[in-house]
Amino acid sequence: DAKTTQPNSMESNEEEPVHLPCNHSTISGTDYIHWYRQLPSQGPEYVIHGLTSNVNNRMASLAIAEDRKSSTLILHRATLRDAAVYYCILRDDHDPSGNTGKLIFGQGTTLQVKP
Amino acid sequence: EPEVTQTPSHQVTQMGQEVILRCVPISNHLYFYWYRQILGQKVEFLVSFYNNEISEKSEIFDDQFSVERPDGSNFTLKIRSTKLEDSAMYFCASSVGRVSNQPQHFGDGTRLSIL
């Protein structure tokens, strides 16, 4: 899986938007960009994924740069419950080493939300 | 919404003892995974399982580890002779498929403490 780079930590105020960046300059044309998050004392939780176009779901939006070398996870109104570690992960079906679907987690971005 | 369930939530075991961690994946899912997270570290892939056999395993998954799907619902991880360094959170995950546009769903984990 291609490498991603995320800031170690970010802070946000409650009810304000949060933009979590991810750089993936070596992304291949077949890599999907996935975001997961891990709330304290819980397992990772799927948030959103995309390939080329921006994506929206009930949890968040994903903005993908035109060259796909970076992406941004957008939480439109942060709540205290959104305090978590956010992971940006690339997944490729065409990895020549074989792909059994495993996720490779980095350190992620620890998001603090202040009331 | 269906979820992955793991039992027990916390397991305390003496070093050298066998331990079995249990998971009930989401019922229509076909791909199953175990990950672990040592305190303060990244989530690490252990093993993927499909069609009643291991698809891929990491270097961590040595001869002391085994997985089984003994019936149509449970997915278990066994550690034959536990070591102190096996102390970690163990997460089970499942997905409908392995392709890159299908998310994995995680349980809340079993905290394994080896004394």
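As a basis for the values below, the full set of heavy atoms in this structure was taken, side chains included, without hydrogen atoms, waters or symmetry mates.
B/Leu84 and B/Ile79 fall within a single hydrophobic cluster, where Ile, Leu, Val, Met, Phe, Trp and Tyr side chains are chained together by heavy-atom contacts under 4.5 Å. One hydrophobic cluster holds both B/Tyr90 and B/Ile54 under the rule that ILVMFWY side chains link at heavy-atom gaps under 4.5 Å. The same ILVMFWY cluster, assembled from side-chain heavy atoms under 4.5 Å apart, contains both B/Phe106 and B/Tyr50.
Minimum heavy-atom separation, B/Gln37 to A/Tyr87: NE2-OH, 4.0 Å. Of all the heavy atoms in A/Phe105 and B/Lys42, the pair that sits closest is O-CD, 3.5 Å. Closest approach of B/Phe45 and A/Leu103 over heavy atoms only: CB-O, 4.1 Å.
The environment of CZ in A/Arg77 is sparse: at most 12 heavy-atom neighbours from other residues, nucleotides or ligands sit within 6.0 Å. Within 6.0 Å of atom CD in B/Glu18, more than 12 heavy atoms from other residues, nucleotides or ligands are found, so the atom counts as buried in its surroundings. Counting heavy atoms of neighbouring residues, nucleotides and ligands inside a 6.0 Å radius, atom CZ of B/Arg111 does not exceed 12 of them. Atom CG of B/Asp62 sits in a crowded spot, with more than 12 heavy atoms from other residues, nucleotides or ligands closer than 6.0 Å. For B/Asp71, the CG atom is densely surrounded, since the number of other residues' heavy atoms within 6.0 Å is greater than 12.
Note on B/Leu46, B/Val47, B/Val43: by heavy-atom pairs under 4.5 Å with chain A, the leading option is B/Val43.
The parts of B/Ser55 that come within reach of chain A are both its backbone and its side chain, each placing non-hydrogen atoms under 4.5 angstrom from that chain. Contact of B/Tyr35 with chain A is made through the side chain alone, with heavy-atom distances under 4.5 Å.
Atoms CE and CD, on B/Met89 and A/Gln42 in that order, are 9.5 Å from each other to the nearest 0.5 Å. Rounding to the nearest 0.5 Å places CD of B/Gln102 at 9.0 Å from NE2 of A/His34.
Of all residues in residues 50-63 of chain A, those placing a non-hydrogen atom less than 4.5 angstrom from a non-hydrogen atom of chain B are A/Arg58.
Proximity of a side-chain donor or acceptor of A/Tyr36 to a complementary backbone N or O of B/Pro103 within less than 3.5 Å is not detected.
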